[in-house]
Number of protein chains: 2
Amino acid sequence: MVVVKMTEGVEWALHCCLDLAWAGDTPVPAARLAAHHGLPPAYLTKQLQALGRAGIVRSTPGPRGGYLLDRPPHTVTLMDVVAAVDGTDPAFRCTEIRADGPHTTRCAIDTAMARADLAWRRELAARTLADLDADVRRADPDAPATTRARLT
Amino acid sequence: MVVVKMTEGVEWALHCCLDLAWAGDTPVPAARLAAHHGLPPAYLTKQLQALGRAGIVRSTPGPRGGYLLDRPPHTVTLMDVVAAVDGTDPAFRCTEIRADGPHTTRCAIDTAMARADLAWRRELAARTLADLDADVRRADPDAPATTRARLT
DNA sequence: ATAAATCTGGATATGTGATGTCCAGGATTC
DNA sequence: GAATCCTGGACATCACATATCCAGATTTAT
């Protein structure tokens with residue numbers, strides 16, 4: 001059992017969420033987002049659909065359609081995005097099944113790993129898209145406007 | 001790119017470390033450890049060798065040989081074991097390479113992820129084999145002695 | 001109405017890395 | 001010298017992230 005903490009798809013999804021936050025209420029087609037990041041459109045689509053199912057993003061079909069951020073940036077945590085894309089995988093589960101009788105208590109290793117996993121999630125849940133936006137503006141105040149111009 | 005992950009090998013390595021702590025100064029052959037957990041011996045060997053290279057475990061060849069824990073349990077953190085088995089992988093690296101000039105500052109997403117990863121590692125570094133031992137004894141005071149008897 | 005743009009969701013291919021196996025060599029004990 | 005056990009590399013296998021494709025549905029624009 002490999003406990004995967006994060007896939008590349010999360011990184012893309014986060015960048016796109018930030019892009020959509022900057023794009024405001026102008027829908028951005030998946031193809032444009034993909035081109036902006038130099039990503040394969042067909043795969044990015046999957047991440048966007050996952051974000052849609054999680055209620056983070058909304059889509060409108062047809063010409064002038066595309067994706068919109070469906071919640072205020074300060075209400076979308078990084079954990080929300082990770083959960084949407086990588087799934088809300090069960091945390092570390094110790095696979096040990098010793099033949100020493102019924103396990104009444106949880107394996108100590110399992111508990112320790114779950115604690116570390118929780119610390120990781122807590123950190124991700126403590127930061128939102130608005131925080132990322134603030135970080136970017138601090139380093140490069142023009143980035144949001146530039147991105148918006150490129151995407152809309 | 002899968003960023004941070006944990007392999008099944010870590011779980012096995014941790015169990016074996018605890019087993020060796022209980023076995024005291026009696027060497028335990030890899031084959032016996034594997035049988036005790038119902039694991040493929042040839043693969044467990046790899047984890048044990050990794051632990052050896054990290055200085056967590058020591059081995060003696062020949063009859064009556066096997067593996068020994070090479071450090072006091074309270075000096076071996078879970079992070080040590082994870083690093084030994086899964087490698088000290090570089091933390092999350094944002095792969096984004098936009099064509100908008102040289103990146104002087106680190107990507108905001110990268111920073112946020114690194115922070116979460118650090119929280120995870122810190123939690124693992126805060127717990128040692130001795131802590132696990134204490135947890136197990138609290139739940140089942142006989143477990144260490146039982147395991148020791150089975151392995152030596 | 002018709003055409004164009006865009007999303008939806010499933011089927012499927014590809015590639016990487018974890019998992020698992022095997023073997024020839026060397027060290028140690030008896 | 002024989003048996004036990006570790007070492008390290010080469011190799012096979014398998015799961016899953018990554019990537020692609022396509023037939024349908026939905027909306028906008030003319």
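So that the names make sense, note that chain A is the first sequence line, chain B the second, and so on, each numbered from 1.
Each salt bridge (Lys or Arg N to Asp or Glu O under 4.0 Å) pair with one or both residues in residues 72-88 of chain B, not counting sequence neighbours, appears once here: B:Arg71-B:Asp80. Listed by first and then second residue, the salt bridge (Lys or Arg N to Asp or Glu O under 4.0 Å) pairs that reach into residues 125-134 of chain A are A:Arg127-A:Asp135, A:Asp133-A:Arg137, sequence neighbours excluded. For the salt bridge (Lys or Arg N to Asp or Glu O under 4.0 Å) condition, no pair includes a residue of residues 24-44 of chain A, sequence neighbours left out.
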Please tabulate, one pair per line, each protein N/O and nucleotide N/O from nucleotides 6-14 of chain D that are separated by under 3.5 Å, including the distance.
{"from": "D:dC6", "atom 1": "OP1", "to": "B:Ala30", "atom 2": "N", "distance (Å)": "2.9"}
{"from": "D:dC6", "atom 1": "O3'", "to": "B:Ser59", "atom 2": "OG", "distance (Å)": "2.9"}
{"from": "D:dT7", "atom 1": "OP1", "to": "B:Ser59", "atom 2": "OG", "distance (Å)": "2.7"}
{"from": "D:dT7", "atom 1": "OP2", "to": "B:Tyr67", "atom 2": "OH", "distance (Å)": "2.6"}
{"from": "D:dG9", "atom 1": "O6", "to": "B:Lys46", "atom 2": "NZ", "distance (Å)": "3.1"}

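Partners of B:Ala34 by side chain to side chain contact (heavy atoms under 4.5 Å, CB included), not counting sequence neighbours, listed by chain and number: B:Pro41, B:Leu44.
Atom C1' of nucleotide D:dA17 and atom CG of A:Leu39 are separated by 15 Å, given to the nearest angstrom. Whole-Å rounding puts the B:Leu44 CG to C:dA18 P distance at 17 Å. With rounding to whole Å, A:Leu68 atom CG is found 11 Å from C:dC7 atom P. In this entry the distance linking CZ of B:Arg58 with P of C:dA27 reads 18 Å, nearest Å. Rounded to whole Å, the distance from CE on A:Met6 to P on D:dT18 is 11 Å. Atom P of nucleotide C:dA18 and atom CH2 of B:Trp12 are separated by 13 Å, given to the nearest angstrom. Rounded to an integer number of Å, the gap from CG of A:Leu33 to P of C:dT6 is 12 Å. Here C:dG9 presents its P atom at 14 Å from CG of A:Leu51, a figure rounded to the nearest Å.
Residue A:Ala42 is the one, among A:Arg64 and A:Ala42, whose nearest nucleotide of DNA chain D lies closer to the 5' end (criterion: closest heavy atom). If you find the closest nucleotide of DNA chain D to A:Pro40 and to A:Pro63, the one lying nearer the 5' end belongs to A:Pro40.
Counting only distance, with no hydrogens or angles, the side chain of B:Thr111 and the backbone of B:Cys107 share a donor-acceptor pair below 3.5 Å.
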Side-chain donor-acceptor pairs of residues 54-68 of chain B under 3.5 Å, sequence neighbours excluded:
{"from": "B:Arg58", "atom 1": "NE", "to": "B:Asp70", "atom 2": "OD1", "distance (Å)": "3.0"}
{"from": "B:Thr60", "atom 1": "OG1", "to": "B:Gly66", "atom 2": "N", "distance (Å)": "3.4"}

